[in-house]
Trainee: 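Starting off with a structure, shown below.
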Number of protein chains: 2
Amino acid sequence: MTKILQRNLYREVADRIGDLIEHGELSPGERISEKQLCEKFGVSRTPLREALKVLATEGLIELLPNRGARVVRLTFKKVKDTYDLMAALEGLSGELACQHITDKEITAIRKLHNNMLEHYHQHDLKAYFELNRQIHEGILAASKNEVLQEMYSNLSQRVKRVRYSKKMTQAFWDQAVKDHENMINALEKRDSQLLGQILRDHLCNKLEVATLAGVIEDEAPDEGHSVVNA
Amino acid sequence: MTKILQRNLYREVADRIGDLIEHGELSPGERISEKQLCEKFGVSRTPLREALKVLATEGLIELLPNRGARVVRLTFKKVKDTYDLMAALEGLSGELACQHITDKEITAIRKLHNNMLEHYHQHDLKAYFELNRQIHEGILAASKNEVLQEMYSNLSQRVKRVRYSKKMTQAFWDQAVKDHENMINALEKRDSQLLGQILRDHLCNKLEVATLAGVIEDEAPDEGHSVVNA
DNA sequence: AAAAGTAATTATGAATTCAATATTAACCAG
DNA sequence: CTGGTTAATATTGAATTCATAATTACTTTT
């Protein structure tokens, strides 16, 4: 049962702006010019402004009344908070997955896992990360909780642009693989509590947060006052 | 440091539509007429349509391309999924609160708790619920995690309209109060793990889900095809 | 009378236009 | 020059207009 994908112009525009933010083509704190983006995308201001409103509720940009939109500045605290949340959601996904996962799904994830192990042994970090992502996504899907999946993917979106964990020490990597081994085992035993615990503690997040401490510039409060949607 | 409240027209409209949904003045599955709402609120279609887009990303309504907006149908599963998520978030809020709460905040919550106990002894359910809400909100605030607070309040919004847990047996009530006693104790001892556990298991959610089983009409799949934002 | 097809109506999607606010530039006094 | 005031410009906020798709009503046909 594949869902029909809704393609509104505003959604299209929102996604493309999201990409621009993710790839750093729109800088944090930088004012987003409506006119400029309209020309870039070849759309009028109406769908563009709708997209901005959506992106604001998704937490990617902020709207300052009468002063335009700007990309949210990712402070270290904000990223840390987001990761804390994601860890909790991953934990929940693990618990629920154990309750709802089918044998077929377990087989598929085991397969991904074995595949990932190969890349690990070949030191192919990029391929490893991709499989790693697919495994976590698979568990999330197996939770059969769509609200959870939606929330998680939103949070993931928000921090994507700093998610380039370049330096990964061998020790960290070894530990991550061990975690994954335990995860699969817990999943096959359908041990909710255990899998939940492993995923909550899985160092993937913690590692990234740790390395991020250096990456993120926590500079002077800002230009533009602190404003919040109400 | 009180934040400046942003009052855009679209946000205002979105909130008012949210109220209509919460109070059942817009029925689930019912098509939302733009023109009608424009007249009701005295605004043009532009801000109204912006509001609809925002409400869709907030999960309160669905937009069917070229076929308008309708209020999301709350199936039992959807509500159950949402409560599972909220329980996990409450658990996290408890853990974080223990780490970050100030003595002053603890005192304030203890005060709310004592106040709540009085209403409990006087069998004033309404006042009890209000204090109950304030306590949970206080813990959430004490977590000092704004992303968490934002997510929680969004989830809460989604299920508000079925949150009228009218029948509350004395046994349930007694247990809830005991839970709360334990919560406050854990908080004062700053026992993260314990408070997290209590909040995750707190029957408030489970109770409501249980009673809801009867309240929600899980009817025929629907008119209008299953469409999802992409 | 029922079904199918077509025209008329209505609603939505998006661009344009108008109004209000903020930003920049120009000007002047100290 | 520097600081402040006012005018000019540009940008955002919201209403209107135009275009397109869906729904309804009405024929027409069997």
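Letters A, B, ... are given to chains in the order of the sequence lines, protein chains preceding strands, and every chain is numbered from 1.
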Trainee: Between the protein and nucleotides 7-13 of chain C, which nitrogen or oxygen pairs come in under 3.5 angstrom?
Mentor:
| unit_1 | atom_1 | unit_2 | atom_2 | d |
| --- | --- | --- | --- | --- |
| C:dG13 | OP1 | B:Asn66 | N | 3.0 |
| C:dG13 | OP2 | B:Arg49 | NH1 | 2.8 |
| C:dG13 | OP2 | B:Arg49 | NH2 | 3.2 |
| C:dG13 | N7 | B:Arg45 | NH2 | 3.0 |
| C:dG13 | O6 | B:Arg45 | NH1 | 3.3 |

Trainee: Rounding to an integer number of Å, can you tell me how far A:Leu48 CG sits from D:dA14 P?
Mentor: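 A:Leu48 atom CG is separated from D:dA14 atom P by 16 Å.
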Trainee: State, to the nearest 10°, the angle formed by the axis through the first five base pairs of the helix from C:dA1-D:dT30 to C:dG30-D:dC1 and the axis through its last five.
Mentor: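 If I round to tens, the end axes sit 10° apart.
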Trainee: Salt bridge check, A:Lys53 against A:Glu50: does any charged N sit closer than 4.0 Å to a carboxylate O?
Mentor: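 Result for this pair is no, no salt bridge flagged.
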Trainee: List the residues meeting side chain to side chain contact (heavy atoms under 4.5 Å, CB included) with B:Glu34, not counting sequence neighbours, and say none if there are none.
Mentor: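 Applying side chain to side chain contact (heavy atoms under 4.5 Å, CB included) to B:Glu34 gives B:Arg45, B:Leu48, B:Arg49, B:Leu52.
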Trainee: Mind checking what makes side chain to side chain contact (heavy atoms under 4.5 Å, CB included) contact with A:Ala108, not counting sequence neighbours?
Mentor: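 Listed in chain order: nothing, the list is empty.
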Trainee: Would one find more than 12 heavy atoms of other residues, nucleotides or ligands at under 6.0 Å from atom CD of B:Glu25?
Mentor: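 Atom CD in B:Glu25 is packed in, count exceeds 12.
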Trainee: Applying side chain to side chain donor-acceptor pair (under 3.5 Å), name anything that partners A:Ser27, two or more places apart in sequence or on another chain.
Mentor: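 Expected list: A:Glu30.
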Trainee: Using a cut-off of strictly less than 4.0 Å, decide whether A:Ser44 has a side-chain nitrogen or oxygen near OP1 or OP2 of C:dA15.
Mentor: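 Affirmative; the distance criterion is met.
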Trainee: Applying side chain to side chain donor-acceptor pair (under 3.5 Å), name anything that partners A:Lys78, two or more places apart in sequence or on another chain.
Mentor: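 So A:Lys78 forms no side chain to side chain donor-acceptor pair (under 3.5 Å) with any residue.
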Trainee: Atom CG of A:Leu52 to atom C1' of D:dT11: distance rounded to whole Å?
Mentor: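 It is 13 Å, rounded to the nearest whole Å.
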Trainee: For the NZ atom on B:Lys40, are there more than 12 heavy atoms of other groups (residues, nucleotides or ligands in this structure) within a distance under 6.0 Å?
Mentor: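 Counting neighbours around NZ of B:Lys40, 12 or fewer heavy atoms of other residues, nucleotides or ligands fall under 6.0 Å, so no.
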Trainee: How many whole angstroms separate atom CD of A:Gln36 from atom P of D:dA10?
Mentor: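 Rounded to the whole Å, the gap is 15 Å.
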Trainee: Which class fits the ring pair A:His113 and A:His180: parallel under 30°, tilted 30 to 60°, perpendicular over 60°?
Mentor: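 Parallel.
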